[in-house]
Structures are given as C-alpha cells and as structure tokens.
Amino acid sequence: MSSTSSPKNNPPDHPQNYYLTTPIYYVNDAPHIGHAYTTLACDVMARFLRLDGVNVKFLTGTDEHGQKVEKAAIEAKQAPQDFVDRVSGNFRQLGQAMNFSNDDFIRTTEERHKKSVQALWRILKEKDEIYLDSYAGWYSVRDEAFYGEDELIDGHGGKKLAPTGAEVEWVEEPSYFFRLHKWQQPLLDFYGKHPDFVQPRTRMNEVKKFVEGGLRDLSVSRTSFKWGVAVPDDPDHVMYVWIDALTNYLTAAGYPDTKSQEFQTFWPANLHMVGKDILRFHAVYWPAFLMAAGVEPPQRVFAHGWWTNEDEKISKSLGNIIDPFKLIEQYGLDPVRYFLLREVPFGKDGDFSKTAMVTRMNSELANDFGNLAQRVLSMIHKNCDAQVPQPGAMKKADKALIEKAHSLLDALYPYFQEQAFHRVLNSLWRVIGDANRYTDEQAPWALKKTDQERMNTVLYVLAEVIRHLSILTQPFMPDSTGKLLDQLSVATSARCFAYLGPDYALAAGTSLPKPEGVFPRYAEEEGRESG
Ligand code: ME8
C-alpha cells in the first residue's frame, strides 16, 4: 500500500521499503501451529507497515530438498517431486486459512531458485570460499545438520544423539566445504557494528559466544543421495540443503540480477523471522555466506520462542501436534490470530491450552472489545436514527479519552519496531478498558432521558475511539476489524494510519448499517456462538 497515506505518521527512522521473510518450511510433514505462528507474526508486521504507507515485500514458502524430505517422499511412496507438490500445497492452504498477506510464496524446487543458488555457489567457488575435500562425521537427518563429536549427548542404549535430541548417523563422503573458519573475526566485527542484528538481545549473546568458540569449515554438499540442487560442474554432488534453503531470501529479491529494481529496492532484507531452533543458520552461516559472496547481510534476525501443548513438547511421536486448520474451525480465525500473539510475550516460549484460549476469547474479545462496540453501535442505531450523532461541546473526560486514541499510534511504533506484539495489544486493550470505564461513567443510556445532546456527544466520542481502535487492530484481526469499520461506514480507502487523528473524524449525519456482534463468545457445549 498505499499511495493514499501521508508520511505524517512516519517516525524519522521508518524505512520506505521493507523486506521481511519467514523460514521456508520443510515439506516432510503437515503444517502445524508453530509454522502458523511464525508466518502470523510476519503477517501482522507486514500489515502494520502497509497501513503505515511502507512498501512491503513479505515472503514465505517451502523448503523442498534434502535427505529429510527425500525420506518422507519414500515413506509416502511418492516420487519426490509429486510429494513436494502435494505438501507444499498444504502450506499454501494454511496461508489462505490464516489470511496471510504474503506477496510471494517461494519453493526451492522452482527454476528461479535453482538458478539463483547455483549463481551464488559459482561466486563462492570463484572466490575460493569453497573447496573440495571429504567429510567424515555425524549428521542428523531430522535437523539437517552436521555435529561435532563433542556436541553429542548419550541417549538410550548407548545411542548418540544431537543436542536437540535427534538421532545422528555417521557419514563419510566426498564433500565441498565452505571456509567458515575464516569468517569468525569478520562475523564478530559485524555483530559489534550491528548490536541489534539478532533479537531478542539475549540471543545475540548466545550467537556471539558460539562464534567466539571457533568455527569449523562447513560441509556444503552431499553425494549419498540425489534430491537437491546439483553443484555446478560437479553433478555427483547436490548442495547441502541449508545453503540451498537460505538462498531463497535472495532468489525472491531477484538474485542473481542484483541490478534489478526488485533487488535494489528490497535487499538487504530488513527482517528474517525465525524460531530459536534455526538461529545459528541465520545469524552465523547466512551472513558468512553473504559476506564471502560480496552481498550485504540482512539487517535483523528475530528468533522467537517455542510453543508447547498443555505443557508438553509438541511432537509427531507424542501425537499432540496442534493442527491450525482445526483450531480455526473450533474458535474462528481472528480469535486464534489474537490469542497466538497475545498469550506469549513475543520471543519467549509459550504454552497452548484450551482454557487460556477460551478465556482470552471470551474476556478480551467478546467482553472487552466486542461489548464496547456492540453497546455503542446499538445505542447509536436505536437512539440516533442510525446516523453518526452530532457532538456538542466536549468536556474534559471526552477530550481525555479521544486524546488517548489519537496518541496510540505513536505509542505503538517502538513496540512494532522491536516486534513486541504482546505490548502492542496491551496498549490497545488499555484504551479499550478506558473506553469501557468512560461508557459506564457517562452512562449514555441514562442521558437519553435527561440530556440528548450530551448523549450524542458521549456516543460520538466512543464511535470515534472505536474507529481508532479498529484501524489500529487491523494487522492482528483484519476480518473482525474490517466488519467494525464497515459498521462505522468508514470507506475502505480511509482505513490506513494516515486517516487517524481529528482531520478524518467521523462525520455527523453519516448513515450506519445495523450493527452486528463481531467477536463471538465460546460456549463449551455449543462451540462458537455469534454474539
Ligand atoms: O527449519 N513453536 O523448517 P521447519 C514455535 N526448512 N515455532 C515453531 C514450532 C513450535 N513448536 N515448530 C516449528 C526449517 N516452528 C527449515 C528452515 S529457512 C531458510 C529453512 C516454526 O519446517 C519456527 O519458525 O522445521 C521454526 O524455526 C520453523 O517452524 C521450522 O520449520
């Protein structure tokens, strides 16, 4: 978006263009709540920025090569390409079901990507950053990662396990290596110059410590299976799935055409959003590959926390995978979107529980926001001829509440800048609480009998506050807030942040449609109810 929004709301350090990415998900399995979570966080960020007039590129997609995916295809008795086509389709469907607004969906089996990762390889090879040798060591197919002997832990029956608990196997094969050790100091210098490169800050310290501990050259090709991008000029090798996967971020920006407008506009990426499990790949290997190839590293990697289910680790073997499609069916889309970003301080681990989901849905959505909107809009409908009322002179309490709504956006900027989504929601709900208290104190239903002009003023103030709250909550719950803005007769073109503030306040006399509740209450017996 948006040519309609004026720059007046933009703080000085706000970028004009913003490129943000999710991890590309392995297609070895069905999408689950963890995948939905990461992409949701990016979706909210992307929607916020677009509403603020920023030119956004939001990328997600699927990671389709490597041994793990090949194994899954064999187990499914399908040719790898057919298998990845099918499972990648499930991730696209998740995007539709979750109302994700990504601008591109990349698959690593696409030609544009093979071309891009082979171009990157050639440059690394030309610069002597890659050399041929042989690998003898441990590999975990589940993690698609190499591990040193010293990193392994003992499992049951003397089995060796990766630090993640995944099984490892001994691998001996010819392999190309990337000269990672050479990038230790440049990486540390880079972190020194960009202390915010990794967020949250504690994770930056973890990354630094890992790099300070010394880096071994990284095996970047495999010869014992075929499902990968061929190494240029050496068809016995396929590329290690992580060099293939990470390069997706460049591919979607037009690489290797670095002169293209897309690349010039969007590279370096502003934000790679990832789970904490894959931070090392993004904060160590990725900037090292890029620096070695002479490409600027991304500006920020945010590593969020891990979801558990009723306090248990989510895993296929425990059979407690949370299926996002089922959640949406049970609770509705916007309550799920709200819950995921409200329940857990973004960056921390969190637990999914049905009780927490229902409590938030009923108390914060149905009671707090839903009732506020419903009682104000119904009163206007019944008592003001279904038109925005004409306000009279404003009192101190009116001005104070309106002022809180006007100053909300400025309060939200710093939270968005650090991806503190829970704080954004907290600030919004504080104003919802203030508006509910104001409604109780002013009691417009009583004024109806004693002072119609005052009732009109109070309802006008509330409608205007609801307009602000709805506009600002759009990134989290686009459907429900869209319905609220419809009920306030706010034109679609007037829903971005440039329309906040008094200049575009609701015009008295505007006809309003019959209001309807937009935040259903969850009742155990019947499931969802509209309310
Ligand atoms: O790692 N809680 O793909 P992947 C929160 N293909 N987030 C979770 C989660 C959970 N329980 N489980 C998964 C890969 N995630 C590679 C990435 S990128 C160039 C290549 C999310 O399918 C989280 O974002 O295993 C995690 O990083 C990602 O899914 C891992 O997805």
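Counting starts at 1 for both ligands and their atoms, following the listed order. Keep in mind that this is a model prediction, so the values were computed, not measured.
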In the protein, which heavy atom is nearest to [atom], and how far is it?
atom: atom 28 (C) of ligand 1; value: Tyr25 CE2, 4.1 Å
atom: atom 8 (C) of ligand 1; value: Gly34 CA, 3.3 Å
atom: atom 7 (N) of ligand 1; value: His304 CE1, 3.4 Å
atom: atom 30 (C) of ligand 1; value: Asp277 OD2, 3.8 Å
atom: atom 29 (O) of ligand 1; value: His35 CD2, 3.5 Å
atom: atom 4 (P) of ligand 1; value: Tyr26 CD1, 3.7 Å
atom: atom 19 (C) of ligand 1; value: Tyr249 OH, 3.5 Å

Taking heavy atoms and a distance under 4.0 Å, where does [X] meet ligand 1: side chain, backbone, both or neither?
X: Glu144; result: neither
X: Met273; result: neither
X: His32; result: side chain
X: Ile33; result: neither
X: Trp242; result: side chain

Any idea how [X] and [Y] line up, ring-wise: parallel (<30°), tilted (30 to 60°), or perpendicular (>60°)?
X: Trp286; Y: His272; result: tilted
X: Phe197; Y: Tyr191; result: parallel
X: Phe416; Y: Phe48; result: parallel

Per-atom contacts of ligand 1 with [X], taking only distances under 4.0 Å to non-hydrogen atoms:
X: Ala245; answer: 19 (C)
X: His282; answer: 18 (S), 19 (C)
X: Pro23; answer: 18 (S), 24 (O)
X: Thr38; answer: 21 (C), 23 (C), 24 (O)

So between [options], whose heavy atom ends up nearest [atom]?
atom: atom 16 (C) of ligand 1; options: Thr62, Ile278, Ile24, Thr22; answer: Ile24
atom: atom 9 (C) of ligand 1; options: Phe352, Trp306, Trp307; answer: Trp306
atom: atom 5 (C) of ligand 1; options: Gly350, Gly305, Ala36; answer: Gly305

Less than 3.5 Å apart, any donor N or O on the side chain of [X] or [Y] sitting next to an acceptor on the other?
X: Trp138; Y: Glu149; result: yes
X: Asn55; Y: Asn17; result: yes
X: Arg47; Y: Asn99; result: yes

Minimum heavy-atom distance between Val344 and Gly350, given as atom pair plus value:
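Shortest heavy-atom contact: CG2-CA, 3.4 Å.
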Residue pairs, two or more places apart or on separate chains, that pass side-chain hydrogen bond (donor to acceptor under 3.5 Å, both in side chains) and touch residues 174-190
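Residue pairs with at least one partner in residues 174-190: Asp128-Arg179, Glu129-Lys182, Glu129-Trp183, Ser175-Ser219, Tyr176-Asp234, His181-Asp217, Gln185-Asp189.
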Can you check whether Val274 has an N/O within less than 3.5 Å of an N/O in ligand 1?
no
Taking both backbone and side-chain atoms of Asp63, is any N or O found less than 3.5 Å from an N or O belonging to ligand 1?
yes
Pro335: which of Leu365, Ile328, Val358 passes side chain to side chain contact (heavy atoms under 4.5 Å, CB included)
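Going through the options one by one, the only one that passes is Leu365.
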Rounded distance [0.5 Å steps], CD in Glu110 versus NE2 in His113:
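Between atom CD of Glu110 and atom NE2 of His113 there are 9.0 Å.
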Does the separation of the ring centres of Phe146 and Tyr139 fall below 6.0 angstrom?
yes
List the residues meeting side chain to side chain contact (heavy atoms under 4.5 Å, CB included) with Gln264, not counting sequence neighbours, and say none if there are none.
none
Is there a side-chain contact between His304 and Lys348 (heavy atoms, below 4.5 Å)?
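Result no, sub-4.5 Å side-chain heavy-atom pair not found.
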